[in-house]
Amino acid sequence: MATPELSKPMTRRSALAEKTRRKILAVALDQFSRHSYSDVTVADIALAAEVAKGLVFHHFGSKDGLYLEALRVASADLDAAHQTDPEAPSGQRIVRRLRAHLSYLADHEELALNLILHSGEVGPEVSEAFESLRWTGIDWTCRLLGLDPEQPSLRLMVRSFAIAADEVTIRWLKQGHPFDIDLVVDALVALLVGALRGAARLDSTLETSDAVAKLELAQPTPVRRPASKTARRRRGAASAASR
């Protein structure tokens, strides 16, 4: 019987290379979280990481390659925050995922606005990565509701919902959280329900009533309470900045 190959121990040189790579990535994640893509240069990252600029290109190939890796790390952290109880009803899982999504982005606002939700001013490879992430979410949502994500009218309408949800989130963050998070979740669920009904209007053979019922059953009925003091302060600062 063949003996399985044992993984070779990491040499001192390869260990140092990996340490340098992680250091560059950590700095890039910080830079891309605090500044827009166009405002960050490879020279900035190399300087902050205290490495030669050539090492950035050696490890990541290009600025886009580094941005993609930073996006992958941020997306993995966001995905971990999305985890829901697999035994819960599908509608509840979607509602809880939306709330976890908003909560994470509110707690990591710079990261949200400059990296996770920011797809402008980037190259085609990065744009494709953003689109892939969006379709992953669409596929998960449709399958959880018992719908075929390849169905044309669903693809059109649920993708439109995903774009609208991102825009709502961006505006909510930039305006200083003017509405309670549960109200925003409620509004997003209503948008998704509307998208499913719209898909059924486009294709009379598509049955979405069961999926709509699952969402409406799980849809919270939040109390119309005032925003928190923190939200009001943020809203005031956002209003002053816009003048």
Side-chain angles (χ1 to χ4, degrees), residues 24-41 44-45 48-49 63-64 66-84 94-122 126-127 129-134 136-138 140-141 161-192 220 222-243:
I24 293 169
L25 182 56
V27 168
L29 186 57
D30 176 67
Q31 292 281 325
F32 287 131
S33 295
R34 294 189 293 109
H35 307 286
S36 68
Y37 175 85
S38 59
D39 289 337
V40 178
T41 68
D44 293 332
I45 293 169
K63 178 181 172 181
D64 274 6
L66 182 52
Y67 188 88
L68 278 169
E69 190 62 15
L71 179 62
R72 185 192 66 76
V73 172
S75 298
D77 288 344
L78 178 60
D79 190 56
H82 282 165
Q83 298 306 309
T84 59
I94 290 170
V95 169
R96 290 171 186 172
R97 184 184 177 102
L98 285 172
R99 197 185 193 290
H101 181 80
L102 285 175
S103 182
Y104 180 90
L105 296 182
D107 289 341
H108 303 80
E109 199 161 307
E110 288 186 331
L111 178 72
L113 293 174
N114 289 310
L115 185 58
I116 294 175
L117 296 172
H118 182 79
S119 58
E121 305 174 348
V122 294
V126 177
S127 295
F130 274 106
E131 191 67 2
S132 176
L133 289 171
R134 181 171 283 151
T136 297
I138 291 170
W140 180 87
T141 300
F161 156 75
I163 294 170
D166 282 350
E167 187 64 21
V168 166
T169 304
I170 289 169
R171 298 300 170 190
W172 180 68
L173 293 174
K174 285 186 173 181
Q175 291 172 16
H177 313 179
F179 305 104
D180 185 82
I181 189 170
D182 289 323
L183 287 174
V184 181
V185 171
D186 187 53
L188 291 178
V189 173
L191 274 177
L192 179 54
V223 177
R224 262 56 179 178
R225 58 181 178 270
S228 66
K229 290 181 180 178
T230 300
R232 290 198 296 271
R233 283 198 299 270
R234 287 175 173 170
R235 183 171 55 198
S239 176
S242 65
R243 294 191 189 112

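Owing to the predicted nature of the structure, the values given are computational and were not obtained by experimental measurement.
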| request: Could you label the plane-to-plane angle of the Phe32 and Tyr37 rings as parallel, tilted or perpendicular, counting under 30° as parallel and over 60° as perpendicular? | output: parallel
| query | Taking atom CD of Glu131 and atom OG1 of Thr136, what is their separation to the nearest 0.5 Å? | reply | 10.0 Å
| query | Rounded to the nearest 0.5 Å, how far apart are CZ of Arg134 and CD1 of Ile163? | reply | 4.5 Å
| Are side-chain heavy atoms of Lys63 and Ile45 found at a separation under 4.5 Å? | no
| task | Could you walk me through whether Ile94 and Trp140 pass the side chain to side chain contact (heavy atoms under 4.5 Å, CB included) test, one step at a time? | result | CA-CA 9 Å; Ile94 290 170; Trp140 180 87; 3.8 Å; yes
| query | Ile181 and Ser103: which non-hydrogen atoms are nearest, and at how many Å? | reply | CD1-N, 3.6 Å
| said: If you define the side chain from C-beta out and look only at heavy atoms, does anything of Leu173 sit under 4.5 Å from Thr169? | reply: yes
| said: Nearest 0.5 angstrom please: Leu192 CG to Phe161 CZ, how far? | reply: 4.5 Å
| field | Test item: Asp77 and Leu111 side chains (from C-beta on) under 4.5 Å apart, heavy atoms | value | no
| Roughly how far, to the nearest 0.5 Å, is the NE2 atom of His35 from the CG atom of Asp44? | 8.0 Å
| Which pair of non-hydrogen atoms, one from Ala164 and one from Leu191, has the smallest distance, and what is that distance? | CB-CD1, 4.5 Å
| From CZ (Arg99) to CG (Leu188), nearest 0.5 Å | 12.5 Å
| remark: Across all chains, not counting sequence neighbours, the side chain to side chain donor-acceptor pair (under 3.5 Å) partners of His108 are none
| request: Give me the one residue out of Val27, Leu29, Ile24, Leu71 that meets side-chain contact (heavy atoms from CB on, under 4.5 Å) with Leu66. | output: Ile24
| Nearest 0.5 Å, what's the CZ-CG distance between Arg72 and Leu25? | 7.5 Å
| task | Kindly indicate, with the supporting measurements, whether the criterion side chain to side chain contact (heavy atoms under 4.5 Å, CB included) is fulfilled by Trp172 and Leu105. | result | CA-CA 11 Å; Trp172 180 68; Leu105 296 182; over 6 Å; no
